[in-house]
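Per chain, numbering begins at 1; letters A, B, ... match sequence-line order.
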There are 2 protein chains.
Amino acid sequence: MTKARKAILARLKSAKQPISVTELAKQLSDFCNPVTVYRNLHYLENNNLATSFVLHCSDHGTERYYSAKEGKGHHHWFHCESCHQFIDLGGCFYTEQMRQFETEHGFTVHDHTFYLTGICEDCKQELGS
Amino acid sequence: MTKARKAILARLKSAKQPISVTELAKQLSDFCNPVTVYRNLHYLENNNLATSFVLHCSDHGTERYYSAKEGKGHHHWFHCESCHQFIDLGGCFYTEQMRQFETEHGFTVHDHTFYLTGICEDCKQELGS
DNA sequence: TTATATTTGCAAATGACTTGCAAAAAGCAG
DNA sequence: CTGCTTTTTGCAAGTCATTTGCAAATATAA
């Protein structure tokens, strides 16, 4: 495992929440090229060391967010469109419902996407709304 | 309302399922410029005549999909990554859960995204899997 | 430690989506 | 209708996330 790869994975782990490629590349800019970040994220995801999802945020547009895969199954998140922090909503609570949809409609689910966007508690206070 | 606008809205209505801007622009290519499609979709969404969401599909990448807003509240969809048809999962079933998350975490939800991707019944048979 | 395979950086491409600007169409007052 | 103001359109060009070709650099294996 190369040092760039190691650094990227380490940053994903320390982040404790999903992080966009743009942000990750910025943070590691002294360390490696953005292209290397993209390529290693693909590598990590293919090798089950990271997961990602695409999220659209009004400030930053549509971006893919990555997090380290460390045992604790699939999670869903709330994203604050003011401070851009994520809040963990806990483990995936849709497995059962997805099974139901599968039998009801006959399709096979390969993936699912769920996330919330809005304003977090702290930002609500700061913005006085 | 201009003829381009009318045509776009008509197509959204006749589609009965979300349609990507790319696809919509292709279908209306004899009729108006893609830029006009983009601009009118923004107009329609701002005026509550259309809704959209961002979906990532392995074949077509990340695109925004639009549908006409005709009374019948917020819906969620399954997207087949083979034939690229959508299957309606019915009205939104997350309102209650979202309220719960809001009180639990103190944030205010502005929007939520949920969709499934996979292979539909018909395509499973055709692909013999 | 040399030969082979993988990874990196750079430059350039892709593709969805946006924007500036001047011409064309739509609305509107008289 | 007709002239005038506002909105919309098309075109060209620009963003921005993400990908790709290629040759140099690094890692891995024999």
Side-chain angles (χ1 to χ4, degrees), chain A residues 1-12 15 18-67 79 81 84 86 111 113 115 117, chain B residues 1-12 18-67 79 81 84 111 113 115 117:
Chain A
M1 199 178 249
T2 71
K3 67 189 179 97
R5 190 113 91 207
K6 233 175 288 184
I8 291 166
L9 185 54
R11 187 68 262 275
L12 288 186
I19 181 169
S20 75
V21 189
T22 315
E23 180 60 27
L24 193 53
K26 198 183 297 167
Q27 292 181 11
L28 299 176
S29 61
D30 292 336
F31 207 78
C32 67
N33 193 282
V35 176
T36 300
V37 175
Y38 276 103
R39 284 198 270 231
N40 276 305
L41 288 171
H42 286 150
Y43 174 91
L44 293 172
E45 188 158 37
N46 290 336
N47 288 80
N48 266 298
L49 295 165
T51 8
S52 73
F53 60 94
V54 172
L55 175 141
H56 178 88
C57 148
S58 45
D59 280 1
H60 298 139
T62 305
E63 285 183 278
R64 190 169 279 274
Y65 290 75
Y66 285 83
S67 30
H79 178 73
E81 297 203 304
H84 301 290
F86 281 87
D111 199 12
T113 300
Y115 61 81
T117 53
Chain B
M1 199 179 248
T2 72
K3 67 192 180 100
R5 191 113 90 207
K6 233 175 290 183
I8 291 165
L9 185 53
R11 188 68 263 274
L12 288 186
I19 180 170
S20 75
V21 190
T22 315
E23 180 59 27
L24 193 52
K26 198 183 296 167
Q27 292 182 12
L28 299 176
S29 61
D30 292 336
F31 208 78
C32 68
N33 193 282
V35 177
T36 300
V37 176
Y38 276 104
R39 285 198 270 230
N40 276 305
L41 288 171
H42 286 151
Y43 174 92
L44 293 172
E45 188 157 38
N46 291 335
N47 288 80
N48 266 298
L49 296 166
T51 8
S52 73
F53 59 94
V54 172
L55 175 143
H56 179 87
C57 147
S58 45
D59 280 0
H60 298 139
T62 305
E63 284 183 277
R64 190 169 280 274
Y65 290 75
Y66 285 84
S67 30
H79 179 74
E81 297 203 303
H84 302 290
D111 200 10
T113 300
Y115 61 83
T117 53

**Request:** Looking only at side-chain atoms of A/Thr22, point me to the closest of C/dC21, D/dA17, C/dC17.
**Result:** D/dA17
**Of A/Ala4 and B/Met1, the one whose closest DNA chain C nucleotide lies more 5'** = A/Ala4
**Fill in**
B/Asn33 CG to C/dA25 P, in whole Å, measures 15 Å
**Request:** Nearest 0.5 Å please: distance from the OG1 atom of B/Thr117 over to the CG atom of B/Leu55.
**Result:** 7.0 Å
**Request:** Check whether any side-chain heavy atom of A/Leu12 sits under 4.5 Å from a side-chain heavy atom of A/Leu49, and report yes or no.
**Result:** no
**Fill in**
Here the distance between atom P of C/dT7 and atom NZ of A/Lys6, to the nearest Å, is 13 Å
**Prompt:** For the residue pair A/Tyr65 and A/Phe86, does the interplanar ring angle fall in the parallel (under 30°), tilted (30 to 60°) or perpendicular (over 60°) class?
**Reply:** perpendicular
**Between C/dC17 (C1') and B/Tyr65 (OH): distance, integer Å** = 15 Å
**Message:** Expressed as a whole number of angstroms, how long is the span from B/Arg39:CZ to C/dT18:P?
**Reply:** 11 Å
**Complete:** Atom CZ of A/Phe31 and atom P of C/dT8 are separated, to the nearest Å, by 10 Å
**Prompt:** Is there a residue in residues 41-63 of chain A whose heavy atoms reach under 4.0 Å of DNA chain D, and which residues are they?
**Reply:** A/His42, A/Thr62, A/Glu63
**Prompt:** Could you give the CD-to-P distance, from A/Glu23 to D/dC16, as a whole number of Å?
**Reply:** 16 Å
**Asked** In Å, rounded to the nearest 0.5 Å, how long is the span from NZ of A/Lys3 to CD1 of A/Ile8?
**Response** 11.0 Å
**Message:** Checking the side chain of A/Tyr66 only, and the main-chain atoms of A/His42 only, is there a donor and an acceptor separated by less than 3.5 Å?
**Reply:** no
**Asked** Counting only N and O atoms by type, is there a donor-acceptor contact under 3.5 Å from the side chain of A/Tyr38 to the main-chain atoms of A/Ala25?
**Response** no
**Asked** Are A/Asn40 and C/dT8 close enough that a side-chain N or O sits under 4.0 Å from OP1 or OP2?
**Response** yes
**Message:** Between B/Tyr38 and C/dT18, is there a contact of a side-chain N or O with OP1 or OP2 at under 4.0 Å?
**Reply:** no
**Item:** Selected nucleotide, minimal atom distance to A/Arg64 side chain, candidates C/dT6, C/dG9, D/dT18
**Value:** D/dT18
**side-chain hydrogen bond (donor to acceptor under 3.5 Å, both in side chains) partner of A/Thr22, the single match among A/Glu63, A/Gln27, A/His60** = A/Glu63
**Item:** Closest nucleotide among C/dG9, C/dT6, D/dG10 to the B/Cys32 side chain
**Value:** D/dG10
**Message:** From C-beta outward on A/Val21, which listed nucleotide comes closest to its side chain: C/dC10, D/dT9, D/dT18?
**Reply:** D/dT18
**Under-4.0 Å side-chain N/O to phosphate OP1/OP2 contact, A/Thr2 with C/dT8** = yes
